[in-house]
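Quantities reported herein were computed from a predicted structural model and do not represent experimental measurements. Every chain is numbered from 1 and lettered A, B, ... according to where its sequence line falls, protein lines coming before strand lines.
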Amino acid sequence: MYVSPVREPLISGEKSYSKVTEDIYAPMTGKPGKLWFGGLTLALIALGFGLFSIFITVWDGIGTWGLDRTIGWGWGITNFVWWVGIGHAGTFISAILLLFRQKWRTSINRSAEAMTIFAVMCAGLFPLIHMGRLPLGFFIFPYPNTRDVWVNFNSPLLWDVFAISTYLTVSLLFWYMGLIPDIGTIRDRLKNGIQKKIYAFLSFGWTGSARHWARHESMSLILAGLAAPLVLSVHTIVSFDFATSVIPGWHTTIFPPYFVSGAVFSGFAMVLTLMIITRKAINLEDYITKAHLESMNKIIIATGSIVGIAYITELFIAWYSGVVYEQYAFVNRAFGPYWWAYWIMMTCNVITPQLFWIKKIRRSFAATFVISIFVNIGMWFERFVIIVTSLHRDFLPSSWSMYSPTWVEVGIYIGTFGLFFTLFFLFIRFFPVIAIAEVKSVLKTSSEKFIKKGK
Amino acid sequence: MQEKAFVSGYYLDDKDLVEGIRALQEKDIEIADVRTPFPVHGLDKVLKYRRSRLPRAGFVAGAFGAAIGFGFQAWVFTEAWPLNFGGKPFLSVPSFIPVTFELTVLMAAFALVFGFLISSKLGPGADNVIFDEEVTNDRFQILLEVSNGNSEQLQSELQSAGAEGVKHHDV
């Protein structure tokens, strides 16, 4: 096979097919380290605290939160939008990059998609809790009922229900279908015993038959084709929650593309933060290389710049519209009582990603790690700014108010971190973190061994 | 179940596998199955498999999802429970699009995934015979079905087609 000598190898080291299996299977064998147990314990403590906070919210009522009549959406919805945003990287990587035939996707799609699923689970919790009565959560689905009413299909909040549940389901199916060949690989590495039986069950009887592969390929391609617009639709619909309202600062047509790029931006940042630690912790440095880092950082520059342009466009349009309410909303964001949130957002989202124009920085793991954390913080503040600063100064100055979260709201947020990391720690222990079969399929065109031979 | 027997041989490279298959095909030997650790590009054409009907199943299910999604919303807001939103039309097509789209994707995805699992006879609890556990690692295996006790002959055919580790399996 012809390999261009200018292409940087995506898999370094002299890897054969069986070496790939061995390397990716290795972290699943032996006793888990102290780091893993420590991390899992910490995550479980956070999860427990979150559950306690949810209990307090349900038991005592929503009055335990810092919301009031002016500010009806605080940390709850901020965190919801933030987590959904983070959940946009995985399916973006596995669907859109599959359609664009980006080979570097093979090393990161599995774990990124796992993060997507976990993040969407965390996100879904917030609207449920926000509704106040958890056991009545099923009211959001259209089902025949004795009250003879239906849900309101004209409401963006209901579109959210459909978008997010579809997104979670399709991502889960896509992820699991990609996993079964690799679970088959794990099953065949294990000697007899209960573990082998469990993996045999989870592998759905995978044999590696050429017929199955042909169908698997055709299914994956079409699923990717469906998932690509789905990813874009989810945050578009989340942005409709704001854009279809009449609140100055929310009622803008720029929201859908701006939210989608912000979502991919924050999602990639979260994937980078975690992958940089994971590759070190479980020795996958040969599979997640500087070439991967650079490709991901390029997408961060692109989406980060779109977000930056959107901020400036918003300001310009507020001025250009001539609407005093709109103008005031933006002046208030930048120079009102929440000015610090606005400037944290601006610094973290507009300035820091521009550092990636420098090649040395975008190829440095340490620098990327730091910048990715800045982006995560910045994107959280973006949602906070959009929600809280737009609401806190109402049309009537008599109802102006200030908002700060109570420990219960903070506790629920910490709890979602607990949930996310508990699932993530279990995932890296019990499932192959890198798509084994997919990496093998690009070995001949993208690994160091074959590129050298090609010369 | 009927007793069956197979002969297997493996290759360590996908290129050798394809050459081996071609050699067997020239002698008109029927290949029962080929098993590989990853999808080998173009293998389905070499083996002359029919094009998968999954895309069609996905399209039909997607169209069904779209029809159900749109039809149901239209029925709710014109027949079952018409609500007046500031004098806007009951049949407000643009606001039905998001839910229609989501249902289209959902139904198509279900059809693709379950279609794949059912047509491949894969699923929780499926107990397929695995002839060589190294197939999911680095071996590309050809399986030939034995009929009328021609096992020996098939084994030598596989060997002459360049296969390694030729073996007989009773199922």
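- The closest side-chain donor-acceptor pair between A/Ser16 and B/Asp138, if any, does not fall under 3.5 angstrom.
- Interface residue B/Val129: only backbone heavy atoms are found under 4.5 Å from chain A.
- Scanning residues 158-168 of chain A against chain B with a 4.5 Å non-hydrogen threshold yields A/Trp159, A/Phe162, A/Ala163, A/Thr166, sorted by number.
- Residues B/Phe77 and A/Asn152 form a side-chain contact, since some pair of their non-hydrogen atoms from C-beta on lies under 4.5 Å apart.
- Proximity to chain A (any heavy atom under 4.5 Å) is restricted, for B/Asp44, to the side chain, taken from C-beta onward.
- Using modelled atom types, one finds no donor on one side chain facing an acceptor on the other under 3.5 Å when comparing B/Arg35 with A/Ser209.
- Between the side chains of B/Thr136 and A/Asp188, a donor-acceptor pair is found at a separation under 3.5 Å.
- Interface residue A/Ile237: only side-chain heavy atoms are found under 4.5 Å from chain B.
- Among all heavy-atom pairs drawn from B/Asn137 and A/Ser18, the shortest one is OD1-CA, 3.1 Å.
- The shortest side-chain heavy-atom distance between A/Arg211 and B/Ser120 does not fall under the 4.5 Å cut-off.
- Counting heavy-atom pairs under 4.5 Å between each of B/Ala126, B/Pro124, B/Ala109, B/Pro94 and chain A puts B/Pro124 at the top.
- For a residue to count as touching a neighbouring chain, one of its non-hydrogen atoms must lie under 4.5 Å from one of that chain's; by this rule B/Thr104 does not touch chain A.
- For B/Tyr49 and A/Trp213, the gap between ring centers reaches or exceeds 6.0 Å.
- Using a 4.5 Å cut-off between heavy atoms, A/Pro142 contacts chain B through its side chain alone, with no backbone atom that close.
- Interface remark: A/Ile180 contributes side-chain atoms only to the contact with chain B (heavy atom separation under 4.5 Å).
- Contact of B/Phe131 with chain A is not made at all, since no heavy-atom distance falls under 4.5 Å.
- Inter-residue side-chain proximity for B/Phe38 and A/Ile436 is flagged as unmet; no heavy-atom pair is nearer than 4.5 Å.
- For B/Leu122, the parts lying under 4.5 angstrom from a heavy atom of chain A are both the backbone and the side chain.
- Between B/Val113 and A/Tyr176 the shortest side-chain heavy-atom distance does not fall below 4.5 Å.
- In this structure, A/Met177 and B/Leu112 have side chains that are not in contact, with every pair of non-hydrogen atoms separated by 4.5 Å or more.
- There is no contact between B/Phe59 and chain A, counting heavy-atom distances below 4.5 Å.
- Only the side chain of B/Ser52 has a heavy atom closer than 4.5 Å to any heavy atom of chain A.
- With respect to B/Glu134 and A/Arg189, a salt bridge is recorded, a charged nitrogen being found less than 4.0 Å from a carboxylate O.
- In this structure, the side chain of B/Lys121 does not engage the main chain of A/Gly205 through any donor-acceptor pair within 3.5 Å.
- A/Ser233 is listed as a side-chain neighbour of B/Glu102, based on a closest heavy-atom distance under 4.5 Å.
- Proximity to chain B (any heavy atom under 4.5 Å) is restricted, for A/Ser218, to the side chain, taken from C-beta onward.
- Proximity of A/Thr169 to B/Phe110: side-chain heavy atoms (C-beta onward) are separated by under 4.5 Å at one or more points.
- Only the backbone of B/Leu12 comes within contact range of chain A, with heavy atoms under 4.5 Å apart.
- Contact of B/Leu43 with chain A is made through the side chain alone, with heavy-atom distances under 4.5 Å.
- Looking at heavy atoms from C-beta onward, A/Tyr17 lies out of side-chain contact with B/Pro37 at the 4.5 angstrom threshold.
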